Undergrad: 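The structure that follows is given in the form of structure tokens.
Owing to the predicted nature of the structure, the values given are computational and were not obtained by experimental measurement.
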Amino acid sequence: MQFVDINGLALHYQIIGGPAHRPVLVFVNSLGTDFRIWRDVLVRLAGDYPLLAYDKRGHGLSDVGSAPYTIGDHVDDLVGLLEHLKIENAVICGLSVGGLIAQGLYAHRPDLVRALVLCDTAHKIGTTDAWNARIAAVEEAGIESIADAVMERWFTPGFRQADNPALPGYRNMMSRQPADGYTGTCAAIRDADFTEAAARIAVPTLCVVGDQDGATPPDLVLSLARLIPSARYEVIRDAGHIPCVEQPEALTAVIEAFLAMVVSGDAPHG
């Protein structure tokens, strides 16, 4: 396991080497998960690209720090990690809040970003009232109290079968996140709005979504793609909010096709 002190917090990360002439792919996980959600994508990309995954603050094995957070806090952590590892011109692949962090990184430090993969995310996610209600529920009764409802948004009915041992495993992953880290990141999502910033994205961008995503539905992700000049939009069949878990092979294929264009210089820019 690899740890580094960034902004006074211990961040847990994993870096996997790859061809030096290719951009580093950086994976940013969703709310209530850790970077293990990317495993089945990482193993398919290993050897073809250098890879970096990490637990954002308040999640996984990283420190919680002082919550609530802003997206800017998460962005500053990622900037610190990339600078520590001397990574520039990376392809940032962010899922859900990870996609907000990716957009924030581009807005703040475009020099660090060669391309964006915005997975099951949007320029603005949810409403203030909805996020405040979720924060209140977790503060009153813990993450466990909302876990079943969240699983319905994360995964398709086919995945949520009683005989699928992965379902309680991912439910455990969510329920065992630090409550302060979870609610702190809820506040960051609540207050983030990249509607205007999206129009200024000028690097190749892929927007991808599961066809049964109950958290950031396809129409919402499509609206993000339409805000970003020349963005590509792809839908992953038979997947909910976390296609890297349900359909890693299909998601990897879409990412690989996009990366081939980025590396060759054929991907459209904004």
Undergrad: Would you say E246 and T156 are linked by a side-chain donor-acceptor pair, where the criterion is simply a distance under 3.5 Å?
TA: yes
Undergrad: Would you say Y54 and V28 make side-chain contact, with heavy atoms under 4.5 Å?
TA: yes
Undergrad: Is the backbone of G142 close enough, under 3.5 Å, to the side chain of S145 for a donor and an acceptor to pair up by distance?
TA: yes
Undergrad: Could you identify which residues cluster with L61, counting Ile, Leu, Val, Met, Phe, Trp and Tyr as linked when any side-chain heavy atoms lie under 4.5 Å apart, either directly or through a chain of such contacts?
TA: M1, F3
Undergrad: Provide the closest heavy-atom pair for L224 versus A198 in the form atom of the first, atom of the second, distance.
TA: CD1-CB, 4.3 Å
Undergrad: Output, in order, the C-alpha distance, side-chain angles, deciding distance and verdict of side chain to side chain contact (heavy atoms under 4.5 Å, CB included) for L31 and H59.
TA: CA-CA 8 Å; L31 175 67; H59 289 71; 4.0 Å; yes
Undergrad: Would you tabulate the side-chain donor-acceptor contacts of residues 97-108 under 3.5 Å, counting partners in other chains and residues two or more places apart, or write 'none'?
TA:
| from | atom 1 | to | atom 2 | distance (Å) |
| --- | --- | --- | --- | --- |
| Q103 | NE2 | G99 | O | 3.2 |
| Q103 | NE2 | A122 | O | 3.0 |
| Y106 | OH | A202 | N | 3.0 |

Undergrad: Rounded to the nearest 0.5 Å, how far does NE2 of H241 lie from SG of C119?
TA: 8.5 Å
Undergrad: Please give me the minimum heavy-atom distance between G240 and D120, naming the atom from each residue.
TA: O-OD2, 3.4 Å
Undergrad: Find out whether L167 and Q161 are in side-chain contact, i.e. whether some heavy atom of one side chain is under 4.5 Å from a heavy atom of the other.
TA: no
Undergrad: With sequence neighbours left out, write down each residue that passes salt bridge (charged side-chain N to carboxylate O under 4.0 Å, His left out) with D34, or none if nothing qualifies.
TA: R36
Undergrad: Which heavy-atom pair separates C186 from R134 by the least distance, and what is that distance?
TA: SG-CD, 3.9 Å
Undergrad: For residues 157-209, which residue pairs pass the ring-ring contact (aromatic ring centres under 6.0 Å, His included) check, not counting sequence neighbours?
TA: F155-F159, F155-Y170
Undergrad: For the residue pair A90 and V26, what are the closest heavy atoms and their distance?
TA: CB-CG2, 3.8 Å
Undergrad: Is there a continuous path of hydrophobic side-chain contacts, each under 4.5 Å between heavy atoms, that joins L95 to V24?
TA: yes
Undergrad: List the residues meeting salt bridge (charged side-chain N to carboxylate O under 4.0 Å, His left out) with D111, not counting sequence neighbours, and say none if there are none.
TA: R109
Undergrad: According to side chain to side chain donor-acceptor pair (under 3.5 Å), who are the partners of N7, at least two apart in sequence or on a separate chain?
TA: D77
Undergrad: The criterion is side chain to side chain donor-acceptor pair (under 3.5 Å); which residues satisfy it with T33, sequence neighbours excluded?
TA: N29, S30
Undergrad: What pair of heavy atoms forms the shortest contact from S175 to I143, and how long is it?
TA: CA-CG2, 3.8 Å
Undergrad: Could you note down all residue pairs passing salt bridge (charged side-chain N to carboxylate O under 4.0 Å, His left out) where residues 147-165 supplies at least one of them, sequence neighbours left out?
TA: D148-R171
Undergrad: What about L227 and V208, same hydrophobic cluster or not, with Ile/Leu/Val/Met/Phe/Trp/Tyr joined at side-chain heavy-atom distances under 4.5 Å?
TA: no
Undergrad: Do the side-chain N and O atoms of D193 and T195 include a donor-acceptor pair separated by under 3.5 angstrom?
TA: yes
Undergrad: I want to check something: taking the side chain as every heavy atom from C-beta on, are W38 and C93 in contact at a cut-off of under 4.5 Å?
TA: yes
Undergrad: May I ask you to test the L112-L78 pair for a side-chain heavy-atom distance under 4.5 Å?
TA: no
Undergrad: Which residues satisfy the salt bridge (charged side-chain N to carboxylate O under 4.0 Å, His left out) test with R232, sequence neighbours excluded?
TA: E234
Undergrad: Mind checking what makes salt bridge (charged side-chain N to carboxylate O under 4.0 Å, His left out) contact with D63, not counting sequence neighbours?
TA: none
Undergrad: Measure the CZ-OG1 distance between R190 and T183 for me, rounded to the nearest 0.5 Å.
TA: 10.0 Å
Undergrad: With clusters defined by side-chain heavy atoms of hydrophobic residues (ILVMFWY) lying less than 4.5 Å apart, directly or transitively, does I146 cluster with I135?
TA: no
Undergrad: Flag yes if more than 12 heavy atoms outside E88 fall under 6.0 Å of its CD atom; otherwise flag no.
TA: no
Undergrad: V138 and A179: which non-hydrogen atoms are nearest, and at how many Å?
TA: CG1-CB, 4.3 Å
Undergrad: Are W131 and D191 side-chain neighbours, meaning at least one heavy-atom pair lies under 4.5 Å?
TA: no
Undergrad: Tell me whether L51 is reachable from V4 by hopping between hydrophobic residues (I, L, V, M, F, W, Y) whose side-chain heavy atoms are closer than 4.5 Å.
TA: yes
Undergrad: Working to the nearest 0.5 angstrom, can you tell me the gap between L11 CG and Q2 CD?
TA: 12.5 Å
Undergrad: Measure the spacing between NZ of K56 and CG of L9 and express it to the nearest 0.5 Å.
TA: 14.0 Å
Undergrad: Any link between L206 and Y233 through a network of hydrophobic side chains (Ile, Leu, Val, Met, Phe, Trp, Tyr) touching at under 4.5 Å?
TA: no
Undergrad: With a 4.5 Å heavy-atom cut-off, do L81 and L52 have their side chains touching?
TA: yes
Undergrad: Enter the distance from M261:CE to E256:CD here, rounded to the nearest 0.5 Å.
TA: 12.5 Å
Undergrad: Please name all residues satisfying side-chain contact (heavy atoms from CB on, under 4.5 Å) with P217, sequence neighbours left out, ordered by chain then number.
TA: L220
Undergrad: State, yes or no, whether a side-chain contact exists between L118 and I228 at a heavy-atom distance under 4.5 Å.
TA: yes
Undergrad: Can you find a heavy atom in the side chain of P23 that is under 4.5 Å from one in the side chain of V263?
TA: yes
Undergrad: As an exercise, state the distance from SG of C207 to NE2 of H123, rounded to the nearest 0.5 Å.
TA: 10.5 Å
Undergrad: Indicate every side-chain donor-acceptor pair of residues 65-74 with a distance under 3.5 Å to a residue at least two apart or in another chain.
TA:
| from | atom 1 | to | atom 2 | distance (Å) |
| --- | --- | --- | --- | --- |
| Y69 | OH | V64 | O | 2.5 |
| T70 | OG1 | G72 | N | 3.2 |
| T70 | OG1 | D73 | N | 3.1 |
| T70 | OG1 | D73 | OD2 | 3.4 |
| D73 | OD2 | T70 | N | 2.9 |
| H74 | NE2 | T185 | OG1 | 3.3 |

Undergrad: Could you check whether atom CZ of R22 has more than 12 heavy atoms from other residues, nucleotides or ligands sitting under 6.0 Å from it?
TA: yes
